[in-house]
S.K.: 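Sharing a structure with you now.
Note that the numbering runs from 1 along the sequence shown for the chain.
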Amino acid sequence: MQPHENRDLTTECPLAAALASRLRSARTELTTRWLERIAARVAIERDRVFPGEELLDHIPLLIDGIADYVEDPAEEVVADAPVVAKAMELGELRYKQGFDAYQLFKEYELLGGVLFAFLATAVDEIEQPCKRSELLQCAHRVFHAVAIIQQATTMHFLRKSAAQVGAREQQLRGFNRTVSHELKNRVGAIRGAYSLLCESWVSESERNRFIEMIGENAEKMHVVLEDLISLSRLDGSARQQKNVLLPSAAAEAIRQLRQLARSRDVTVRLSPPLPAVEVNAAAVELCLTNYISNAIKYSDPEKADRFVEIAARVNDRREDGVDPELIVEVRDNGIGIPSEARDKLFDRFFRALDGNAPHEVEGTGLGLSIVRETVEMLGGRAWAEPSPIGGSVFAFSLPCRRSADGFGTSADAATSR
């Protein structure tokens, strides 16, 4: 038996041209098969696997690129080749759609399965003499071409993901520094007030003032720690987090703030129907409780009817294939926000109405920055705008990936007073 020699993939194979021609002729059919296989494995709708006519028209170019390589592997798939650009477009889309790396690898595994199943049938219909070694060589070319295109898609996807992770890490470091500084200042104030309380020369009125300082700083530390506890509920992978329908999350946020609303004589209500879409329970409840509590605290005592209203809608899918957005709004008829302060509202420790509110308002200025960072972490955004009826509208958006049939509200918790 002669030892095997390393075979060159560029060695002429009489079967290659015929198989490549079959691939090109069936490229639309193969794209459809691939689409159906992906849709059966991931939690997105079929028409969103390759959304839009433009992208759907581009996907067969990936099949063409594979066919070209099968026919002539001497023509390497280079970085600036059109087929690589289309593969990177697919990586961009999957990043925006919230795919993970496993789903991306599985997608190309499915493509390989579709191609090999097709070629296994096609090869029996081709009347072309071919050695078994040449047949395996063609199979190797198919595998290599799929791997090159998969690499282009995956590398672009991972670059986008790495940039997002880096941005989040930078945000987290800045947030940790800010919180540490805030807690250090509060602890320093408490220690200073306590040491003065121990001095015999301190008058009774001064002693009472120092006790008040200790209480005020302890309360503000408690608010910061409550915010941190809320953030900790967002830790862990998405698979471990609890999803609920939006009406349930809104009802829970109202329930948590019912006592505060009653103390200020503010009505908190839902504006039905809220879309019955699934949301991250911890994230949405955190955002809503921050928005609603601020609206209650900054209610206008001169108005007989004081209210806070929660409304939501789902924006249609955009033409570039990005998921629809869930927009959640918290509207109020309170004292409003000065226009010059609106751009800074979501900065850490910024308080737009410090000293100008009609009554004393407890807070650290962290709440809105936590809302912003929370929704950005989930691919959304947060903003505020004036209400046309007076007061303010605070809103946030989240990618809307799954929904239940119809709409729903929670009648039991629709109104709190």
Side-chain angles (χ1 to χ4, degrees), residues 9 13-73 75-77 81-97 99 102-130 132 134-154 156-157 317 319-321:
L9 278 181
C13 175
L15 196 60
L19 289 177
S21 177
R22 293 294 183 97
L23 285 172
R24 294 189 191 98
S25 298
R27 65 181 195 166
T28 302
E29 174 191 348
L30 293 171
T31 298
T32 301
R33 290 187 192 177
W34 189 24
L35 182 154
E36 291 173 347
R37 294 287 300 278
I38 296 170
R41 293 296 300 265
V42 298
I44 62 174
E45 301 164 10
R46 184 183 183 279
D47 63 347
R48 290 178 50 235
V49 176
F50 302 133
E53 293 299 324
E54 183 178 358
L55 182 60
L56 188 57
D57 290 342
H58 287 175
I59 294 303
L61 295 178
L62 298 179
I63 309 296
D64 281 348
I66 293 170
D68 292 343
Y69 187 80
V70 169
E71 185 172 13
D72 185 10
E75 294 292 330
E76 281 286 348
V77 182
V83 66
V84 172
K86 302 311 172 190
M88 292 174 67
E89 283 182 22
L90 186 57
E92 179 80 17
L93 172 66
R94 295 304 185 236
Y95 169 78
K96 291 179 179 178
Q97 288 180 322
F99 273 46
Y102 171 78
Q103 289 174 312
L104 205 60
F105 285 122
K106 193 66 183 178
E107 184 169 1
Y108 275 98
E109 179 186 328
L110 295 174
L111 173 61
V114 167
L115 295 179
F116 277 104
F118 171 79
L119 293 175
T121 301
V123 74
D124 289 336
E125 299 171 353
I126 298 174
E127 295 182 2
Q128 174 73 49
C130 181
R132 285 175 290 184
E134 292 171 340
L135 182 61
L136 288 175
Q137 191 175 54
C138 286
H140 190 184
R141 292 179 185 180
V142 173
F143 171 82
H144 190 61
V146 172
I148 292 173
I149 296 172
Q150 179 191 42
Q151 184 180 48
T153 299
T154 305
H156 187 75
F157 174 86
R317 185 183 315 142
E319 292 181 359
D320 58 5

S.K.: Can you name the residues that form a side-chain contact (heavy atoms from CB on, under 4.5 Å) with Ala139, not counting sequence neighbours?
M.R.: Phe116
S.K.: Treating Thr153 as the side-chain partner and Leu90 as the backbone partner, does any N or O pair qualify as donor plus acceptor under 3.5 Å?
M.R.: no
S.K.: Should Phe157 and Leu93 be marked as a side chain to side chain contact (heavy atoms under 4.5 Å, CB included) after you check the CA-CA gap, both sets of side-chain angles, and the distance that decides it?
M.R.: CA-CA 9 Å; Phe157 174 86; Leu93 172 66; over 6 Å; no
S.K.: Starting at CG of Leu30, measure out to CD1 of Ile63 and round the result to the nearest 0.5 Å.
M.R.: 5.5 Å
S.K.: A side-chain contact here means heavy atoms from C-beta on lying under 4.5 Å apart; do Tyr108 and Leu62 qualify?
M.R.: yes
S.K.: With the side chain counted from C-beta on, respond yes when Glu109 and Lys106 share a heavy-atom pair under 4.5 Å apart, and no when they do not.
M.R.: yes
S.K.: Evaluate the side-chain proximity of Leu115 to Ile66: yes if any heavy-atom separation is below 4.5 Å, no if none is.
M.R.: yes
S.K.: Please determine whether salt bridge (charged side-chain N to carboxylate O under 4.0 Å, His left out) holds for the pair Arg33 and Glu36, giving the CA-CA distance in whole Å, both sets of side-chain angles, and the decisive distance to 0.1 Å.
M.R.: CA-CA 5 Å; Arg33 290 187 192 177; Glu36 291 173 347; over 6 Å; no
S.K.: Taking C-beta and beyond as the side chain, do Leu111 and Ile38 meet within less than 4.5 Å on heavy atoms?
M.R.: no
S.K.: Find the distance between CZ (Phe143) and CD1 (Ile148) and round it off to the nearest 0.5 Å.
M.R.: 10.5 Å
S.K.: Within a 6.0 Å radius of atom CD on Gln151, are there more than 12 heavy atoms belonging to other residues, nucleotides or ligands?
M.R.: no
S.K.: About how many Å separate CD1 of Ile149 and OH of Tyr69, when rounded to the nearest 0.5 Å?
M.R.: 11.0 Å
S.K.: Determine, step by step, whether His156 and Glu92 satisfy the side chain to side chain contact (heavy atoms under 4.5 Å, CB included) criterion, reporting the C-alpha distance in whole Å, the side-chain angles of both residues, the deciding distance to 0.1 Å, and the verdict.
M.R.: CA-CA 7 Å; His156 187 75; Glu92 179 80 17; 2.7 Å; yes
S.K.: Is the side chain of Ser21 donor-acceptor paired with the backbone N or O of Ala17 at a distance under 3.5 Å, no angle test?
M.R.: no
S.K.: Identify whether the distance between the nearest side-chain nitrogen and carboxylate oxygen of Glu125 and Arg22 falls below 4.0 Å.
M.R.: yes
S.K.: Looking at Phe99 and Glu107, what are the two nearest heavy atoms and their distance?
M.R.: CE2-OE1, 4.0 Å
S.K.: Would you check, one step at a time, whether the test side chain to side chain contact (heavy atoms under 4.5 Å, CB included) holds for Arg24 with Asp68?
M.R.: CA-CA 9 Å; Arg24 294 189 191 98; Asp68 292 343; 2.9 Å; yes
S.K.: To the nearest 0.5 angstrom, please state how far the CG atom of Leu110 sits from the CG atom of Leu35.
M.R.: 11.5 Å
S.K.: Does the separation of the ring centres of Phe118 and Trp34 fall below 6.0 angstrom?
M.R.: no
S.K.: Taking all non-hydrogen atoms of both residues, which atom of Ala87 and which atom of Ala152 are closest, and how far apart?
M.R.: CB-CB, 3.9 Å
S.K.: Once you round to the nearest 0.5 Å, how far does CZ of Phe105 lie from CD of Gln150?
M.R.: 5.5 Å
S.K.: With side chain to side chain contact (heavy atoms under 4.5 Å, CB included) as the test, would you mind laying out the steps for Glu134 and Leu15 before giving the verdict?
M.R.: CA-CA 8 Å; Glu134 292 171 340; Leu15 196 60; 5.9 Å; no
